[in-house]
Colleague: 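The structure follows.
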Amino acid sequence: MNKQWISVIIAACFEVGWVIGLKHAMSVLEWIGTAIAIFISFYLLIKAGEHLPVGTVYAVFVGLGTAGTVCADSLLFGEPWKLAKIVCIVVLLAGVVGLKLVTGEPKEQEVNE
């Protein structure tokens with residue numbers, strides 16, 4: 001796995017943080033943390049999109065962020081687990097992994113400036 005894909009995974013982790021922050025932030029400090037998480041998340045996503053196929057990067061980002069948010073909601077805030085929810089997360093993650101596997105790595109092009 002190369003550096004850009006690791007950036008996408010880290011960006012998805014920050015996405016989980018800011019999504020939770022949007023719902024649960026109460027103080028100014030929590031809102032600042034949420035804003036910082038949004039910035040880091042999208043910065044890493046944009047940087048990865050400069051080197052990888054944007055559609056696949058975005059699908060992986062959203063899929064991991066969605067699965068992470070659902071898991072965090074259950075683990076941190078007591079949202080009940082339901083079989084249908086687990087099946088949907090597994091299907092979502094299978095699609096994300098499938099997209100990653102079928103997407104070839106683009107060759108770096110030298111840009112003459």
Side-chain angles (χ1 to χ4, degrees):
M1 185 179 318
N2 65 24
K3 187 172 103 171
Q4 285 79 27
W5 284 114
I6 292 170
S7 292
V8 174
I9 293 168
I10 294 168
C13 293
F14 277 97
E15 181 188 16
V16 172
W18 67 256
V19 168
I20 291 171
L22 289 176
K23 181 174 181 177
H24 298 285
M26 299 288 206
S27 69
V28 173
L29 189 59
E30 291 170 335
W31 280 108
I32 291 171
T34 300
I36 290 169
I38 291 170
F39 176 81
I40 292 170
S41 177
F42 283 105
Y43 176 79
L44 292 172
L45 179 69
I46 290 166
K47 290 312 236 179
E50 291 174 355
H51 302 281
L52 298 169
V54 176
T56 305
V57 166
Y58 186 69
V60 170
F61 171 76
V62 172
L64 293 176
T66 301
T69 301
V70 170
C71 292
D73 206 26
S74 292
L75 295 172
L76 299 174
F77 303 108
E79 181 69 26
W81 289 97
K82 297 178 183 173
L83 181 60
K85 188 185 292 189
I86 294 169
V87 169
C88 289
I89 290 172
V90 169
V91 169
L92 176 70
L93 291 176
V96 166
V97 169
L99 274 174
K100 166 69 175 87
L101 292 175
V102 300
T103 302
E105 297 292 327
K107 295 181 181 176
E108 291 290 326
Q109 297 176 353
E110 293 183 10
V111 178
N112 296 325
E113 294 182 29

Colleague: Is it true that, when you exclude L75 itself, more than 12 heavy atoms of the residues, nucleotides or ligands shown sit nearer than 6.0 Å to its CG?
Modeller: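 Counting other residues, nucleotides and ligands, CG of L75 exceeds 12 neighbours.
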
Colleague: For W5, is there any backbone N or O sitting under 3.5 Å from a side-chain donor or acceptor partner on N2?
Modeller: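 Answer holds: yes.
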
Colleague: Does some side-chain heavy atom of E30 sit less than 4.5 Å from a side-chain heavy atom of H24?
Modeller: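 Contact flag for H24/E30 side chains = no.
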
Colleague: So which heavy atom on S74 is nearest to which on P80, and how close?
Modeller: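 Taking S74 first and P80 second, the nearest heavy atoms are OG-O, 4.3 Å.
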
Colleague: Between W31 and M26, is any pair of side-chain heavy atoms under 4.5 Å apart?
Modeller: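 No, side chains not in contact.
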
Colleague: Between F14 and Y43, is there a side-chain heavy-atom distance shorter than 4.5 Å?
Modeller: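 Not in contact.
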
Colleague: Test of understanding: clusters of I, L, V, M, F, W, Y form through side-chain heavy atoms closer than 4.5 Å, transitively. Do I46 and V60 belong to the same one?
Modeller: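 Looking at the clustering, V60 is in a separate group from I46.
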
Colleague: What are the two closest heavy atoms between L99 and A59, and how far apart are they?
Modeller: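 Shortest heavy-atom separation between L99 and A59 comes out as CD1-CB, 3.5 Å.
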
Colleague: If I compare all heavy atoms of A48 with all of V8, which pair ends up nearest, and what's the gap?
Modeller: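 Heavy atoms of A48 and V8 come nearest at CB-CG2, 3.5 Å.
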
Colleague: Do you know which two heavy atoms are closest between V54 and G49, and how far apart they sit?
Modeller: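 Nearest heavy atoms, V54 then G49: CG2-O, 3.6 Å.
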
Colleague: What's the shortest heavy-atom distance between L92 and A67, and which atoms?
Modeller: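 So the minimum-distance heavy-atom pair works out to CD2-N, 4.3 Å.
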
Colleague: Considering all heavy atoms of both residues, which atom of A72 and which atom of V16 are nearest to each other, and what is their separation?
Modeller: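 In this case the closest contact between A72 and V16 is CB-CG1, 4.0 Å.
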
Colleague: With rounding to the nearest 0.5 angstrom, report the CG to CD1 distance, L22 to I38.
Modeller: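 L22 CG to I38 CD1: 5.0 Å, rounded to 0.5 Å.
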
Colleague: If you define the side chain from C-beta out and look only at heavy atoms, does anything of F61 sit under 4.5 Å from L44?
Modeller: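 Side-chain contact under 4.5 Å: no.
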
Colleague: Measuring from atom OG1 of T69 to atom CD of E15, what distance do you get when rounded to the nearest 0.5 angstrom?
Modeller: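 So the OG1 of T69 and the CD of E15 are separated by 6.0 Å.
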
Colleague: Among the clusters formed by ILVMFWY side chains lying less than 4.5 Å apart, do V97 and V87 turn up in the same one?
Modeller: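 Shared cluster, no.
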
Colleague: So L52 and Y58, side chain to side chain contact (heavy atoms under 4.5 Å, CB included) or not? Walk me through it.
Modeller: CA-CA 10 Å; L52 298 169; Y58 186 69; over 6 Å; no

Colleague: Would a hydrophobic clustering, with Ile, Leu, Val, Met, Phe, Trp and Tyr connected at side-chain separations under 4.5 Å, put I20 with L45?
Modeller: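 I20 and L45: separate clusters.
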
Colleague: I'd like to know if the side chain of S7 reaches the main chain of K3, judged simply by a donor and an acceptor atom lying under 3.5 Å from each other, with no hydrogens or angles considered.
Modeller: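 At least one qualifying donor-acceptor pair exists.
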
Colleague: Which label fits W18 and F42: parallel for a plane angle under 30°, tilted from 30 to 60°, or perpendicular past 60°?
Modeller: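 Plane angle between 30° and 60°, so tilted.
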
Colleague: Check whether any side-chain heavy atom of L64 sits under 4.5 Å from a side-chain heavy atom of L93, and report yes or no.
Modeller: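 The answer is yes; the side chains approach within 4.5 Å.
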
